[in-house]
Amino acid sequence: MDLEAVRTFVAVAEAGQFQKAATDLSITQQAVSKRVAALERTLGVRLFIRAPRGAGLTIDGQAFLPHARELLRVAERAGASVRPGRRPLRVDVIASRSAQSGLMRGFHRAHPDIDLDVMMLFDIGTAITALLSGAIDASFRAVAAPGRPLPEDIASVRAFDEPLQLVTGPAHALAGARSVPLAELTGHRIWMPGVAPGTEWGAYYDDLVAAFGLTIEVTGPNFGSDALLDTVSGTPALATFMGEPARLVWPAGHVLRRIPVTDPTPVYPHSLLWHRDNPHPALATLRTHLAATTTGHDAAGTWAPGWVIPR
């Protein structure tokens with residue numbers, strides 16, 4: 001159905017005259033008549049009773065009018081949903097309790113006038129596809145995994161480095177430590193379910209294992225952070241890594257420990273990705289906010305994979 005014809009029908013119905021509707025729409029009366037006639041042919045009914053003093057709605061026209069108005073409202077909402085500056089800024093984060101989610105909460109507090117849609121995609125391939133299609137405006141990811149350069153249309157900037165901490169249950173051998181040197185983790189079982197081969201975090205932990213001889217186990221299904229912490233709390237032989245800024249909640253009986261890792265501190269390098277031609281005005285505001293509120297990268301005493309190159 002031609003939306004311009006529907007819009008013209010509503011204009012005539014509200015004006016009561018073809019000439020007045022033509023003036024309101026800035027088109028000729030002949031164009032108004034042609035649009036209405038075309039709509040009547042599409043619907044198979046007469047919509048107006050034409051008279052010298054104006055145009056009145058037929059019974060069919062009266063029945064169609066509320067639906068025509070709703071069609072125009074739906075069309076406007078559909079356009080607004082993808083119109084830069086009027087639709088929300090759509091940003092992909094890894095998880096709701098992640099450091100990136102915390103950054104977006106800080107951005108929202110600093111810019112409450114900017115509407116946000118925060119979503120969670122699985123891996124960098126899915127995120128890049130969404131960026132290229134315009135389904136999202138930005139994504140936080142590790143850039144770039146070895147052998148997988150970003151497409152030319154995707155820009156990135158190193159956003160922040162997330163220090164990792166060791167999380168253990170109360171009976172773990174390291175539970176009483178105030179901090180633990182990375183080398184002392186050799187021989188301990190670090191359980192990271194959900195670290196899937198081919199993902200950017202899979203590449204990160206592969207390099208961490210290669211550099212420091214750690215034992216990282218990825219067996220078993222990933223039931224989320226709550227189930228992970230349940231298992232770690234009750235299994236003295238297991239520990240896990242969590243980002244320092246990650247918001248974790250566990251029952252009081254778990255008595256979990258979060259232990260800083262040092263000498264060096266492994267950091268997970270997050271970058272912000274976006275399409276170079278994305279015109280959303282809030283995208284530049286987000287990049288400026290991140291540059292002003294996050295710390296420097298590759299700080300002394302930290303470790304990140306050698307393939308992470310700021311762009």
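Computed from a predicted structure; not experimentally measured. Values below: all heavy atoms of this structure, side chains included; hydrogens, waters and symmetry mates excluded.
- At a threshold of 4.5 Å between side-chain heavy atoms, the hydrophobic network of Ile, Leu, Val, Met, Phe, Trp and Tyr places Met120 and Leu103 in one connected group.
- Residues Gly243 and Arg258 approach most closely at O-NH2, 2.9 Å, considering heavy atoms.
- Between Trp303 and Phe212, the two ring planes are perpendicular [angle over 60°; tilted spans 30° to 60°].
- Between His289 and His111, the angle of the ring planes goes over 60°, which puts this pair in the perpendicular group of the 30/60° scheme.
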With side-chain contact (heavy atoms from CB on, under 4.5 Å) as the criterion, how do Ile124 and Thr199 come out once you've worked through the C-alpha distance, each side chain's angles and the decisive distance to 0.1 Å?
CA-CA 7 Å; Ile124 193 169; Thr199 59; over 6 Å; no

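- The CD atom of Gln29 lies 9.0 Å from the CD atom of Gln17; values are rounded to the nearest 0.5 Å.
- The two residues Leu238 and His172 have their closest heavy-atom pair at O-CD2, 3.4 Å.
- Residues Leu25 and Ala11 approach most closely at CD1-CB, 3.9 Å, considering heavy atoms.
- Between Phe18 atom CZ and Thr23 atom OG1 the span is 13.5 Å, to the nearest 0.5 Å.
- Ionic pairing of Glu70 and Arg73 is present here: one or more N-O contacts between side-chain nitrogen and carboxylate oxygen are shorter than 4.0 angstrom.
- Of all non-hydrogen atoms in Pro193 and Pro221, the two that sit nearest each other are CB-O, 4.0 Å.
- Here the CZ-OG1 distance, from Phe107 to Thr293, works out to 10.0 Å after rounding to the nearest 0.5 Å.
- For the atom pair CG (Leu283) and CG (Asn278), the distance works out to 5.0 Å, reported to the nearest 0.5 Å.
- Below 30°, between 30° and 60°, or above 60°: for Phe160 and Phe140 the angle between ring planes is above 60°, a perpendicular geometry.
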Evaluation steps, side-chain contact (heavy atoms from CB on, under 4.5 Å), between Asp2 and Thr42:
CA-CA 9 Å; Asp2 184 350; Thr42 298; over 6 Å; no

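- The two residues Ile49 and Leu57 make their nearest non-hydrogen contact at CD1-O, 4.4 Å.
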Could you go through the side-chain contact (heavy atoms from CB on, under 4.5 Å) check for Thr262 and Leu182 one step at a time?
CA-CA 6 Å; Thr262 60; Leu182 189 54; over 6 Å; no

Test side chain to side chain donor-acceptor pair (under 3.5 Å) on Gln100 and Ser98; report intermediate values, then the result.
CA-CA 5 Å; Gln100 312 100 311; Ser98 65; 2.6 Å; yes

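- Ion pairing between Glu14 and Arg69 holds under the 4.0 Å rule for side-chain N and carboxylate O.
- Arg141 forms no cation-pi arrangement with Trp201, by the criterion of a distance under 6.0 Å to the ring centre and an angle within 45° of the ring axis.
- Interatomic distance, CG of Leu208 versus CG of Leu164, reported as 7.5 Å (0.5 Å rounding).
- Taking every heavy atom of both residues into account, Glu40 and Leu47 meet most closely at OE2-N, 2.8 Å.
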Let me see the working for Met242 and Leu166 under side-chain contact (heavy atoms from CB on, under 4.5 Å), right down to the final yes or no.
CA-CA 6 Å; Met242 289 284 179; Leu166 188 73; over 6 Å; no

